[in-house]
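FYI, the numbering just counts along the sequence from 1. This one's a predicted model, so the numbers in the text were calculated from it and none came from an experiment.
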Amino acid sequence: MLVHSRLYYIDDEPIIDDDTWQRWANELVELQRENPFDCNIDFFDKEFLDWSGDTGFHLPLHDKNVKKKALQILSIHKEKK
């Protein structure tokens, strides 16, 4: 969710369509609801606390690790085209 939100909101380079992102967001919300104790992973816990899956805009999209991974995935995606 972080990587694809970064590609969409910051880099304007989405590699999945909105419907796919929403399906993944809904699935993540459901997993979080069903497994609340497994959601404490010591990074980005606060950002995903009570996350509804409606948007990824508020997520830490400028985080250096998120940026790095997003650019790696975008590069791989462009190579496969």
Side-chain angles (χ1 to χ4, degrees):
M1 303 321 310
L2 287 167
V3 166
H4 292 293
S5 293
R6 164 74 196 208
L7 291 173
Y8 183 86
Y9 290 109
I10 304 299
D11 301 315
D12 195 25
E13 293 274 2
I15 62 174
I16 60 170
D17 60 55
D18 291 345
D19 290 335
T20 300
W21 188 93
Q22 193 60 60
R23 269 195 331 273
W24 291 352
N26 294 343
E27 183 179 343
L28 180 56
V29 167
E30 185 68 17
L31 287 168
Q32 289 175 305
R33 187 184 60 73
E34 292 174 355
N35 306 285
F37 298 108
D38 293 332
C39 295
N40 298 321
I41 55 176
D42 294 332
F43 59 95
F44 303 129
D45 293 345
K46 180 180 70 172
E47 289 80 3
F48 281 96
L49 183 65
D50 297 325
W51 185 58
S52 67
D54 290 340
T55 181
F57 183 77
H58 77 285
L59 297 174
L61 306 180
H62 294 284
D63 178 87
K64 67 179 182 175
N65 294 315
V66 173
K67 178 181 178 179
K68 180 179 177 181
K69 184 54 71 177
L71 295 177
Q72 287 173 339
I73 290 173
L74 181 59
S75 176
I76 291 167
H77 176 74
K78 286 182 175 184
E79 286 176 9
K80 291 184 177 187
K81 279 187 161 183

### Task
Determine the interplanar angle of the Phe57 and Tyr9 rings, folded into 0 to 90°, and report it as parallel if under 30°, tilted if 30 to 60°, perpendicular if over 60°.
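Correct class here is perpendicular.
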Gap between atom [atom2] of [Y] and atom [atom1] of [X] - 0.5 Å precision:
X: Leu49; Y: Asn40; atom1: CG; atom2: CG; answer: 8.5 Å
X: His4; Y: Leu7; atom1: NE2; atom2: CG; answer: 7.0 Å
X: Trp21; Y: Thr55; atom1: CH2; atom2: OG1; answer: 5.5 Å
X: Glu34; Y: Cys39; atom1: CD; atom2: SG; answer: 10.5 Å
X: Asn65; Y: Arg6; atom1: CG; atom2: CZ; answer: 11.5 Å
X: Asp63; Y: Lys69; atom1: CG; atom2: NZ; answer: 12.5 Å

### Task
For Ala25 and Gly53, work out which heavy atoms get closest and say how close.
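Looking at all heavy atoms of both residues, the shortest contact is CB-O, 3.6 Å.
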### Query
Can you name the closest pair of heavy atoms from Gly56 and Ser5 and give their distance?
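So the two residues come closest at CA-OG, 3.4 Å.
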### Query
Counting heavy atoms not belonging to Asp45, are there more than 12 under 6.0 Å from its CG?
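Enclosed.
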### Task
Consider only side-chain heavy atoms of I, L, V, M, F, W and Y, link residues closer than 4.5 Å, and tell whether Val29 and Leu31 are in one cluster.
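No.
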### Query
Do Phe43 and Met1 share a hydrophobic cluster (ILVMFWY, side-chain heavy atoms under 4.5 Å, transitive)?
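Same cluster.
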### Query
Should Leu59 and Phe44 be marked as a side chain to side chain contact (heavy atoms under 4.5 Å, CB included) after you check the CA-CA gap, both sets of side-chain angles, and the distance that decides it?
CA-CA 9 Å; Leu59 297 174; Phe44 303 129; over 6 Å; no
#### Entry: Identified side chain to side chain contact (heavy atoms under 4.5 Å, CB included) partner of Val3 from the options Ile73, Leu74, Leu71
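Exactly one pass, corresponding to Ile73.
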### Query
Checking side chain to side chain contact (heavy atoms under 4.5 Å, CB included) for the pair Leu2/Phe48: CA distance, chi angles, key distance, verdict?
CA-CA 10 Å; Leu2 287 167; Phe48 281 96; 4.0 Å; yes
### Residue pair Lys68, Gln72: steps toward the side chain to side chain contact (heavy atoms under 4.5 Å, CB included) verdict
CA-CA 6 Å; Lys68 180 179 177 181; Gln72 287 173 339; 3.7 Å; yes
### Task
Decide side chain to side chain contact (heavy atoms under 4.5 Å, CB included) for Glu13 and Lys78; before the verdict, give the C-alpha distance in whole Å, the side-chain angles of both, and the deciding distance to 0.1 Å.
CA-CA 10 Å; Glu13 293 274 2; Lys78 286 182 175 184; 3.5 Å; yes
### Query
Under 3.5 Å, is there a donor-acceptor pair between the Asn26 and Gln22 side chains?
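Yes, Gln22 and Asn26 have a side-chain donor paired with an acceptor closer than 3.5 Å.
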